[in-house]
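All remarks here apply to the structure that follows.
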Amino acid sequence: MSVRPPIAMLAELTHRCPLSCPYCSNPLELARIDAELDTDTWSRVFREAAELGVLQLHLSGGEPASRRDLTELVRAAREAGLYTNLITSGIGLTERRLRELDEAGLDHIQLSLQGTDAAMADRIGGYKGGYDRKMQVAGWIGEIGFPLTLNAVLHRQNLHQLPRALEMAVEMGARRIEVATVQFHGWALMNRDALMPTREQAREADRIVTEARQGLKGTLVIDYVPADYHSDYPKRCMGGWGTTGLNVAPDGLVLPCHAAQTIPHLTFDNVRDRPLAEIWYEGAAFNAYRGTEWMAEPCRSCERKLKDFGGCRCQAMAVVGDAAATDPVCVKSPHHGALQVQAEAFAKGSEDALTWRAAPKRAAEPAE
Amino acid sequence: MIGPDDIPVLPRGVRIHWDKVRATWVLLAPERTVTLDAAAHAVLSEIDGARSFGAITEALAERYDAPAAQIAADSAGLLGALRDRRFLEVVS
Ligand code: SF4
Ligand code: SF4
């Protein structure tokens, strides 16, 4: 199979974050602060990425603004020729810092939304005052004129706020909104009881999005990630494993997707040891689930296999215990029925039982 | 539909880029990349935020020795699609 170069790279600059969202996609085992790549190494990785064919760079985290060298990193990314997108909660950005990022050539900002009012947002983010601060940051983003995408993560506790989130995106002058129903990986997996949407909520969200796409055509572009436990077919995860994008973790590990470390038998290369191009084309983790050779039935003989590549490997691992199994979301999976029953049960769980994500360890902390 | 007096503008955050690895022109936009064929690249390269769509199609008609009406019809579809995705703005 001929492997094409990746289009996008997600650089998780740090796992540090002032917020502690209970659905954070960072791994449970967060990268230690003293293990983070330094400015020069990231800059080299950006150049290697551009050489490899990456066009879009997403600077993410944790909270990328927690890196003091963020402006330098943006400048290095632009010099490498990459389209540079900052994925942020807004916390840690001042007006002055935003102006520096503007001057460094930052192309676009994606601002996360934990809720549409302070009570919801601050409870979910686990950070008091976070919402007010975010609104202030959104104001500066608008004044400077950065193109903006709002990223609303929705779950059972805030799905009713979807209409308001759409209004807010328009008010802020965002060109795009991502309406993302929580995906159950990482920390979210521990919070399925508290976060699983009901089937009714999922259908209601489908309806609201369909209507808003009509009503806001030409004003706001809506990208929608539906509740997949309540779907019949899985998502084409990462655009297909090892086809479109790659993630670099704060410590330099290169991952085919942000949750890939939950697949225990995979081994990952590090940008400190190997050129990025070699990792992409030859790395064991990238080749493990590339293409369709690894598939078993029912995927192997399914007509949709090039459409969704069998869904999410990490979800198959988490739910079925086998990363090469059909994504259990799929109606053709023998586990689909059980998953639907589980989803219904989770959707009746307690909303109080939230586990917020932890903070990364500092250097030389004694073992617990 | 974009008219001859409308002025198309590529807004901030949308730019034309030579993709040297794939040897093609692309349009880079927030979290999206659109591959441009020769015709699309020709139209988008003319957009300078000052000239009208009419002036652009006439310039292209002259350069490629093709009827302006044909070029306008072909590129209006592209510009309309980009506008729906908010990759293009139009000042009338
Ligand atoms: S999901 Fe929340 S906790 Fe995790 S990095 Fe984003 S803002 Fe921080
Ligand atoms: S059987 Fe596999 S390939 Fe077919 S739709 Fe389900 S997940 Fe996709």
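Below, read A as the first sequence line, B as the second, and so on, with proteins coming before strands; counting in each chain starts at 1.
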Relative to chain B, which segment of A:Leu52 carries a heavy atom at a distance below 4.5 Å: side chain, backbone, both, or neither?
-> backbone

Kindly say whether B:Asp84 contributes a backbone atom to a donor-acceptor pair with the side chain of A:Lys217 at under 3.5 angstrom?
-> no

Ion pair check, B:Glu89 and B:Arg12, cut-off under 4.0 Å | no

Under 4.5 Å from any heavy atom of chain B - which part of A:Ala8 | neither

A:Arg176 side chain vs A:Val221 backbone, donor-acceptor pair below 3.5 Å = no

Hey, is the main chain of A:Thr149 close enough, under 3.5 Å, to the side chain of A:Gln110 for a donor-acceptor pair?
-> no

Within the side chain of A:Glu282, is there an N or O that forms a donor-acceptor pair under 3.5 Å with the backbone of A:Trp280?
-> no

Heavy-atom proximity to chain B below 4.5 Å, by part of A:Asp107 | both

Is it the side chain or the backbone of A:Leu148 that comes within 4.5 Å of chain B heavy atoms, both, or neither?
-> neither

Let me know if A:Leu57 has heavy atoms under 4.5 Å from chain B in its side chain, its backbone, both or neither.
-> neither

Sub-4.5 Å side-chain heavy-atom contact between A:Phe286 and A:Asp269 = no

Where on B:Arg32 is there a heavy atom nearer than 4.5 Å to chain A: the side chain, the backbone, both, or neither?
-> both

Please determine, among A:His108, A:Arg175, A:Arg4, the option with the most heavy-atom pairs under 4.5 Å with chain B.
-> A:Arg175

